Each structure stands twice: as structure tokens, then as C-alpha cells.
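Below is one structure, written out as C-alpha cells; comments come after it.
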Amino acid sequence: MRFICDFMLGSLSKYLRMCNFDTVFIKNIGDNDLIEEALQTNRILLTRDKKLTERRIIKENSIKLVLIKSDYLYEQLQQVKDTLKINFNLDLQRCIKCNTVLNQLKKENIMKAVPHYIYQTHNIFLECSNCKKIYWKGSHVDQMKDFFNKYFS
Ligand SMILES: [Zn+2]
């Protein structure tokens with residue numbers, strides 16, 4: 001299941017990426033381009049904008065969409081889960097910043113790229129080939145895991 005989020009759903013798009021859902025988020029995109037992108041790439045459109053969902057182009061092309069009702073991330077996730085009958089499992093495989101699938105790095109190649117303590121205490125490092133961000137499964141990942149386990153398992 002692949003998504004495209006409107007500009008009001010930046011946090012939601014990050015959380016979907018954390019669970020390895022392919023999710024496009026473009027900050028400065030007009031409504032027409034957003035709809036066109038959803039159509040072209042066959043993504044489910046997630047939007048907070050009721051007016052947008054009433055457009056003729058949406059109805060004529062039967063674009064799949066979810067009109068997100070809440071401003072709160074937890075409720076947004078809950079609505080997506082309930083509406084689309086999906087499960088959220090934290091799975092660091094996709095860049096949270098840019099949606100690119102991550103590559104595993106050889107540990108010896110990144111000695112200088114991460115803090116010494118992190119290098120000493122972790123064995124698995126992942127890199128985004130697009131924006132070059134490096135990920136490891138640190139305490140922030142444990143917190144996210146707790147969040148998803150608590151509310152969405
Ligand atoms: Zn990236």
C-alpha cells in the first residue's frame with residue numbers, strides 16, 4: 001500500500017515511512033499537482049482538506065483517498081489503520097526524511113561518519129543513498145517501537 005500526503009500531514013508521512021510504507025510528501029505542491037501525482041503513481045491520497053476531496057477530478061478518476069479528520073498524529077494513525085485495515089510495525093527500511101529505501105552499510109566504512117560511542121555500541125548501520133542520512137537502531141528506535149507496540153499492536 002502506497003501513500004501520498006498533503007502538506008498538512010508531514011508528521012503522519014514520517015510515521016508511515018517508519019513502518020516501511022512508501023509515502024510521498026511534497027511540501028510545496030499545489031492541489032492539482034498533488035492529485036495528478038496520486039493518479040499517476042496510483043497512491044492513496046491522505047488529506048486534511050475536505051474541499052479537495054470534493055473536486056470533480058477526484059470523483060471522476062475514483063482516486064482512493066482518506067479524509068483525515070484529526071490534527072493529532074495518534075488519531076490520524078488510528079484512522080488510517082482502521083479505514084485501510086493495515087497494521088503498523090516499526091521497520092527501519094525507509095528514509096524518514098525522503099522515503100528512499102535504505103542500504104545496509106559495512107560497519108568499517110563509517111567509522112568517521114557517526115559519533116565514536118555510537119560506532120562502538122552498534123553493529124547495524126543503514127544509509128539513505130539519496131540524502132545520505134545514516135540510521136542506527138538507537139534508543140530513539142526503542143521509543144518508537146514502544147509507541148507502536150503500545151497503541152497499535
Ligand atoms: Zn533520505
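Predicted, not measured: the structure shown is a model, and the values here were computed from it.
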Let me see the working for Lys150 and Asp146 under side-chain contact (heavy atoms from CB on, under 4.5 Å), right down to the final yes or no. CA-CA 6 Å; Lys150 187 171 175 193; Asp146 290 345; 5.8 Å; no

Whether Asn61 side chain and Ile63 backbone form a donor-acceptor pair below 3.5 Å: no

Below 4.0 angstrom, N of the basic side chain to O of the carboxylate: do Arg17 and Asp22 qualify? no

For residues 37-62, pull every pair meeting ring-ring contact (aromatic ring centres under 6.0 Å, His included), keeping only residues two or more places apart or in separate chains. none

Which ring-ring contact (aromatic ring centres under 6.0 Å, His included) pairs, counting each pair once, include a residue from residues 19-50, with sequence neighbours left out? Phe3-Phe21

Residues Leu90 and Lys145: closest non-hydrogen pair is CD2-N, 3.5 Å

Do Val101 and Met1 share a hydrophobic cluster (ILVMFWY, side-chain heavy atoms under 4.5 Å, transitive)? no

Scan residues 46-69 for pairs that pass ring-ring contact (aromatic ring centres under 6.0 Å, His included), counting only residues two or more places apart or in two chains. none

What do the steps show when you test Arg55 against Asp31 for salt bridge (Lys or Arg N to Asp or Glu O under 4.0 Å), and what is the final call? CA-CA 10 Å; Arg55 285 189 180 212; Asp31 286 354; 3.4 Å; yes

Give, for atom NZ of Lys133 and atom OG1 of Thr100, the distance between the pair rounded to the nearest 0.5 Å. 13.0 Å

Any chain of hydrophobic side-chain contacts (each under 4.5 Å) joining Leu16 to Ile26? no

Test item: Leu105 and Ile124 side chains (from C-beta on) under 4.5 Å apart, heavy atoms: no

Can you get from Met8 to Val66 by hopping between Ile, Leu, Val, Met, Phe, Trp and Tyr side chains that sit under 4.5 Å apart? no

Test side-chain contact (heavy atoms from CB on, under 4.5 Å) applied to Cys5 and Thr23, step by step: CA-CA 7 Å; Cys5 291; Thr23 306; 3.8 Å; yes

Are any side-chain N or O atoms of Gln93 and backbone N or O atoms of Asn20, one a donor and one an acceptor, separated by less than 3.5 Å? no

For Phe88 together with Tyr15, are the ring centres under 6.0 Å from each other? no

From CG (Leu34) to OG1 (Thr47), nearest 0.5 Å: 7.0 Å

Ile96 meets the side-chain contact (heavy atoms from CB on, under 4.5 Å) criterion, sequence neighbours left out, with Lys14, Met18, Leu92, Tyr135

Just how far is it from atom CD1 of Ile58 to atom NZ of Lys64, taken to the nearest 0.5 Å? 13.0 Å

Go through it in stages, so that I can follow the logic: the residues are Trp136 and Ile110, the test is side-chain contact (heavy atoms from CB on, under 4.5 Å), and I'd like the CA-CA distance, side-chain angles, deciding distance and then a yes or no. CA-CA 12 Å; Trp136 59 88; Ile110 59 141; over 6 Å; no

Taking a hydrophobic cluster as the set of Ile, Leu, Val, Met, Phe, Trp and Tyr residues connected by side-chain heavy atoms closer than 4.5 Å, whether directly or through intermediates, do Leu73 and Met144 fall within one such cluster? yes

Tell me if the NE2 atom of His116 is crowded by more than 12 foreign heavy atoms within 6.0 Å. no

For the residue pair Arg48 and Leu9, what are the closest heavy atoms and their distance? CG-CD2, 3.6 Å

Donor-acceptor pair, side chain of Ser13 and main chain of Gly10, under 3.5 angstrom: yes

Atom pair OG1/NZ of Thr53 and Lys59 - distance to nearest 0.5 Å: 7.0 Å

Side-chain heavy atoms under 4.5 angstrom apart, residues restricted to Ile, Leu, Val, Met, Phe, Trp, Tyr: same cluster for Leu77 and Ile68? yes

Thr41 side chain reached by Val24 side chain, heavy atoms, under 4.5 Å: no

To the nearest 0.5 angstrom, please state how far the SG atom of Cys95 sits from the CD1 atom of Ile134. 11.5 Å

Side-chain H-bond candidate by donor/acceptor type, Arg2 with Asn99, under 3.5 Å: no

Distance (rounded to the nearest 0.5 Å) between Leu126 CG and Arg94 CZ: 13.0 Å

Under the side-chain hydrogen bond (donor to acceptor under 3.5 Å, both in side chains) test, residues paired with Glu54 that sit two or more places apart: Lys50

Restricting to non-hydrogen atoms, name the atom on Asn87 and the atom on Lys81 that form the minimum distance, rounded to 0.1 Å. OD1-NZ, 3.3 Å

Pair listing, ring-ring contact (aromatic ring centres under 6.0 Å, His included) test, anchored in residues 57-86, at least two apart: Tyr74-Tyr151, Tyr74-Phe152

To check you understand the geometry: which heavy-atom pair defines the closest contact between Glu75 and Ser70, and what is its length? OE1-OG, 2.6 Å

In terms of side-chain geometry, is the basic nitrogen of Asp142 or Lys137 positioned less than 4.0 Å from the acidic oxygen of its partner? no

Determine the sole option in Ile118, Leu102, Asn109, Asn103 for which the side-chain contact (heavy atoms from CB on, under 4.5 Å) test with Phe125 is passed. Ile118

Taking the side chain from Asp33 and the backbone from Ile29, do they hold a donor-acceptor pair closer than 3.5 Å? no

Show your working on side-chain contact (heavy atoms from CB on, under 4.5 Å) between Leu52 and Leu45 and close with a plain yes or no. CA-CA 11 Å; Leu52 186 140; Leu45 178 59; 3.6 Å; yes

Could you verify whether a donor N or O on one side chain and an acceptor N or O on the other, from Gln40 and Glu36, lie under 3.5 Å apart? yes

State, to 0.1 Å, how close Ile4 and Glu37 come at their nearest heavy-atom pair, and which atoms those are. CD1-CG, 3.4 Å

Quick one: does any side-chain atom of Lys107 pair with a main-chain N or O of His122 as donor and acceptor, under 3.5 Å? yes

